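Here is how names work: the chains are called A, B, and so on, in the same order as the sequence lines, proteins then strands, and each is numbered from 1. Note that the structure is predicted; figures quoted are calculated from it, not measured. Quick note: numbers below take in every heavy atom, side chains included, and nothing from hydrogens, waters or symmetry partners.
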Amino acid sequence: MSELEDEYRLDYFEENGFVRKSCTDCGANFWTRDHDRETCGEPPCEDYAFIDDPGFDEPYSLEEMREAFLSFFEDNDHERIEPYPVAANRWRDDVLLTQASIYDFQPLVTSGQTPPPANPLTISQPCIRMQDIDNVGKTGRHTMAFEMMAHHAFNAREDLEDPDQYAYQGEVYWKDECVEYCDEFFASMGANLDEIVYIEDPWVGGGNAGPAIEVIYKGAELATLVFMSMEQDPDGEYEMKDGNTYSPMDTYIVDTGYGLERWTWMSQGTPTVYEAVYPDMIAFLKENAGIELSEDEAELVHRAAKLAGHMDIDEAEDMETARDNIARKLDVSVSELEALMEPLEDIYAIADHCRTLAYMFGDGIVPSNVSTGYLARMVLRRTKRLVDGVGVDAPLDELVDMQAKRLEYENRDTIRDIVRTEVEKYRETLERGGRKVEQLAEEYARKSEPIPTSELIELYDSHGIQPDMVEEIAAESGADVNVPDDFYSLVAQRHDSEEAFEEAGSDGDDRIDDLPKTERLYYDDQQRTEFEAVVLDVFERESGFDVVLDQTMFYPEGGGQPADTGTLSDDDGSYTVEVEDVQIRDGVILHRTDERPEKGDIVRGQLDTRRRRQLMRNHTATHVVIHAARQVLGDHIRQAGAQKGVESSRIDVHHYERIDREDVKRIEHVANEIVMENTPVTQEWPDRHDAEAEHGFDLYQGGIPPGENIRLIHVADDVQACGGTHVARTGDIGTIKIRNAERVQDGVGRLTFAAGEAAISYTQEAEDALYAAADVLDVNPGEVPETAERFFEEWKARGKEIEDLKEELAEVRASGAGDAEEVDVGGTPAVVQRLDADTDELRATANALVEEGKIAVFGSGAGGSAQFVVAVPEDAGVNAGEVVGELASKVGGGGGGPPDFAQGGGPDVDALDDALDDAADVLRAVKNA
RNA sequence: GGGCCCAUAGCUCAGUGGUAGAGUGCCUCCUUUGCAAGGAGGAUGCCCUGGGUUCGAAUCCCAGUGGGUCCA
């Protein structure tokens with residue numbers, strides 16, 4: 001790491017009288033103007049020094065501070081950029097949430113494939129860091145949701161052979177200017193520059209690394225300046241703290257982060273960051289929860305706030321010790337401090353979590369059991385627990401709305417709806433779970449055993465009940481619970497029983513490397529179905545061939561659209577090969593054929609027109625359906641996946657409720673209105689940043705394409721980035737029929753639909769089924785539901801009547817048993833009889849005989865097998881189970897049951913009569929045994 | 001995307017291969033009558049669907065449908 005030392009020897013430091021020092025507490029190296037300074041200034045080496053003593057000239061609100069920062073950098077030639085959504089998985093698939101401003105530009109801009117929207121630029125990017133969740137409220141400085149203010153500059157080395165290989169060239173600015181900007185911004189706030197500390201702290205992340213500087217002022221880390229300039233390289237000369245080696249790369253990027261909340265806090269000097277950031281909400285929550293402090297208490301809280309920096313679970317050994325230390329310094333008991341601080345900490349956390357939720361739902365995240373939706377659910381449930389625990393009685397949707405309003409979201413009604421739905425779901429889960437725990441608790445309380453860990457794991461993993469909740473409920477039933485310290489790792493163990501590792505067998509086909517990218521004719525005229533081309537090369541595959549042409553109309557599989565099929569023919573008609581599949585590799589399109597065309601030939605390509613037309617209809621219909629679904633269900637509707645087909649297609653969309661029949665019908669109506677309007681479907685290739693500015697990130701329903709320009713498809717009011725083939729006008733779709741709406745995951749619904757001919761076929765099939773049913777019932781189709789219901793009711797009534805009649809029949813049979821053979825078994829009369837009826841009937845008759853004090857042995861040959869029922873009155877001293885066992889063995893089967901009633905049988909019906917003949921002997925034998 | 005759990009009376013659930021149950025709600029009657037309540041009796045089930053194993057499946061196995069939950 002010492003090799004990076006030189007990286008920090010900036011001219012700027014030298015010219016401005018900085019000295020380099022090592023912290024006497026933690027050993028960190030830092031730069032400062034104050035030659036007498038000994039420690040780095042960051043907690044735990046120092047306490048907060050700005051509480052009650054703001055570090056800037058004036059107090060700023062969050063909004064004022066944001067504006068001050070952005071306009072400062074605008075005045076210094078940075079272009080202001082609008083923030084991106086907090087759901088980073090909308091433009092990259094390696095992360096879920098936006099955790100830093102640089103996330104907005106990864107991976108395509110940082111790697112130099114795509115130009116930045118401006119260079120240099122400034123932005124205030126809302127971020128969510130779930131990993132800080134346990135610190136929120138406690139340290140006074142951590143928030144899960146925050147805005148990272150930043151200035152970025154994207155540089156490329158000037159000594160490159162081919163500078164144009166990157167989307168930006170030359171150096172905008174680097175370390176010295178970056179630190180200077182930082183200093184100047186501090187100065188513009190009225191900070192005392194002598195108190196600023198620049199700590200050397202190399203940065204590593206996501207395969208990149210570089211020198212970085214933490215900027216500390218009055219005990220708070222206010223900014224981090226990262227100089228991303230290296231990439232991971234096994235032969236690299238720099239070994240970083242993650243143990244990997246790195247080497248310099250061609251692009252180098254200024255990546256800064258200034259915590260908006262901390263800066264605001266610094267300007268106000270309030271006890272915690274929360275009181276500086278959302279004072280109204282804190283006041284509201286305090287009042288609602290009825291928290292009132294005496295003067296002495298308020299004074300204590302105030303003093304504790306200055307030490308709260310030590311309550312960091314990442315740094316402190318454990319929370320209890322940390323609290324203990326603080327209590328000692330303040331000279332109060334831990335319990336007193338805790339009783340005072342905990343409700344406040346909860347309230348701070350609630351305000352922060354509500355802001356997090358407002359960001360999440362505002363940016364269209366839908367609660368779910370997967371992905372960002374799951375994170376949102378966790379945060380919501382945690383917030384609900386805090387709210388209930390501290391005694392806030394305002395509904396959660398109102399609390400979240402307070403933040404959504406402040407953040408100026410337009411979909412506030414939807415947000416409230418989502419929160420209400422989700423709270424209700426949680427309530428149901430808790431209720432269900434509570435009942436389960438009560439049962440378990442009673443069971444184990446009876447046995448005087450503690451509830452075992454396996455049950456706790458099951459409760460948490462399968463039913464979502466936290467162990468502390470189990471403890472609470474179990475205590476009421478007097479059951480003990482011991483939650484092991486490693487509870488959550490035990491849960492984790494249950495999950496990684498088998499790590500499914502699949503090695504993506506990369507198609508390392510270097511033969512195509514030398515071939516030019518295939519010209520894609522299907523974008524020029526999407527309606528054409530034939531073309532001419534030159535065969536550039538042919539590769540043999542395991543079965544069949546890969547044919548590369550100079551240009552093609554064949555659409556390769558991609559974007560959820562299956563490949564075209566068709567034929568390639570030699571121009572004098574001497575051969576025709578079938579194209580069975582089409583794939584694209586690095587821009588080279590491979591036509592998979594059954595026969596080998598000749599390299600260098602000019603061939604005529606002919607698509608399977610019907611298939612292509614259906615695919616185009618389906619693809620355009622997909623855009624139409626998602627647009628319709630958005631109008632019907634709300635603006636949060638976003639594609640979670642899609643697959644187009646010839647007969648039917650499907651799209652998965654995020655929605656917080658089940659998509660019901662009424663929704664489907666409305667979506668179908670809206671979709672077909674768009675079809676009937678017969679508006680043109682157009683494509684364009686605008687600059688990506690212009691497109692994003694105009695249409696937002698909703699463009700990227702099906703993933704983000706690379707490149708400077710992207711292809712947009714306009715269908716009615718709908719705009720999507722899309723690489724597929726489309727019909728010319730919506731009317732060409734013909735018609736859209738939604739076949740099914742199912743819930744594929746919680747929070748994700750799937751719409752399956754058919755377009756054009758396939759829609760007609762599907763409708764006809766559905767009608768056929770209805771007509772067939774009507775035919776069977778001999779009624780008009782419209783009367784089917786009513787009739788079916790009537791028949792079903794009648795059928796049930798008859799079943800009941802038959803039961804009753806069997807009972808009656810059984811009693812009649814039993815009372816008039818004169819025709820049956822009656823034998824004496826040790827003083828008890830026994831009736832042995834063959835009765836070819838079902839088991840229910842045998843049972844009823846046998847029971848009736850037992851009522852009369854008789855043993856009953858019945859055999860039946862009905863239903864293709866031999867069946868016995870043996871019933872015995874209580875005092876007869878014969879074990880029915882043994883009798884049945886004996887008899888059943890004679891017909892090649894088995895049987896059993898309780899001593900007073902047993903049944904059994906076997907496959908050998910022919911032996912039934914013989915077995916019954918022996919029944920009397922069997923009874924006597926069992927009696928005497 | 002993966003793991004686990006669940007589906008039985010209107011509701012909440014028990015039943016782990018042998019006659020489908022409890023609590024609650026419902027109906028009738030009685031007691032008391034201001035309410036609340038108490039007593040007696042009664043009705044209520046394609047045991048989610050389809051296949052398999054078995055003499056026999058609510059129960060075991062497979063698949064589907066619907067719901068829940070944990071993890072990345």
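- In this structure, the CD atom of A/Q466 is 15 Å from the C1' atom of B/G68, given to the nearest Å.
- Here the side chain of A/Q439 is nearest to one of B/U69, B/A14, B/C5, namely B/A14.
- Although no hydrogens or angles enter the test, the distance criterion places no donor-acceptor pair under 3.5 Å between the side chain of A/R638 and the main chain of A/H654.
- To the nearest whole angstrom, the two C1' atoms, one in B/C13 and one in B/A20, are 14 Å apart.
- On the P atoms, B/G17 is 15 Å away from B/C6, given to the nearest whole Å.
- Taking atom P on both B/A36 and B/C48, the two are 38 Å apart, rounded to the nearest angstrom.
- For B/G45, the OP1/OP2 oxygens have a side-chain nitrogen or oxygen of A/K800 closer than 4.0 Å.
- Formation of a donor-acceptor pair under 3.5 Å by the A/T372 side chain with backbone atoms of A/A87 is not found in this model.
- Using bins of under 30°, 30° to 60° and over 60° for the plane-to-plane angle, the ring pair A/Y488/A/Y460 lands in the perpendicular bin.
- Residue contacts for A/S371: at a heavy-atom cut-off of 4.0 Å it reaches a base atom on one of the strands shown.
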* Structure fact -> Output field dot_bracket for RNA chain B (Watson-Crick or G-U, both distances under 3.5 Å, | for other-strand pairs) contains (((((((..((((....[..)))).(((((.......))))).....(((((..]....)))))))))))).
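- B/G66 and B/G50 have their C1' atoms separated by 15 Å, with the value rounded to a whole Å.
- Note on A/R427 versus A/E424: salt bridge recorded, some NZ/NE/NH1/NH2 to OD/OE distance being below 4.0 Å.
- Taking only side-chain atoms of A/K425, from C-beta outward, the nucleotide of B/C70, B/U19, B/G68 with the closest atom is B/G68.
- Nucleic acid contact class of A/D840 (heavy atoms, under 4.0 Å, all strands): none.
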* B/S/- contact track for nucleotides 49-66 of chain B, protein heavy atom under 4.0 Å -> ------B----------S
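- Ion pairing of A/R790 with A/E793 is absent here, as no side-chain N (NZ or NE/NH1/NH2) approaches a carboxylate O to less than 4.0 Å.
- Rounded to a whole Å, the CG atom of A/L849 is 18 Å from the P atom of B/U19.
- For the pair A/N89 CG and B/G1 P, the computed distance is 14 Å after rounding to whole Å.
- As a whole-Å value, the separation of A/L375 CG from B/A72 P is 9 Å.
- Taking atom CG of A/D461 as the reference point, atom P of B/G2 lies 16 Å away to the nearest angstrom.
- Of the side-chain N and O atoms in A/K796, one or more sit less than 4.0 angstrom from OP1 or OP2 of B/C46.
- The shortest side-chain heavy-atom distance between A/Y426 and A/E422 does not fall under the 4.5 Å cut-off.
- The phosphate of B/A20 has OP1 or OP2 within less than 4.0 Å of a side-chain N or O from A/R843.
- Between A/Q745 atom CD and B/G67 atom P the separation is 13 Å, expressed in whole Å.
- A side-chain donor-acceptor contact under 3.5 Å links A/Q99 and A/Q131.
- Among the heavy atoms of the strands, none lies under 4.0 Å from A/V891.
- B/U69 has no base stacking with the ring of A/Y460 when judged by centroids under 5.5 angstrom apart and an interplanar angle below 30°.
- Atom CD of A/E438 is separated from atom P of B/U24 by 16 Å (rounded to the nearest Å).
- Base engagement by A/D900 is indicated by at least one non-hydrogen atom pair under 4.0 Å involving a base atom.
- Contact annotation: A/R432 does not reach the phosphate of B/G68 (side-chain N/O to OP1 or OP2, under 4.0 Å).
- Atoms CG (A/N879) and P (B/G18) sit 15 Å apart, rounded to a whole Å.
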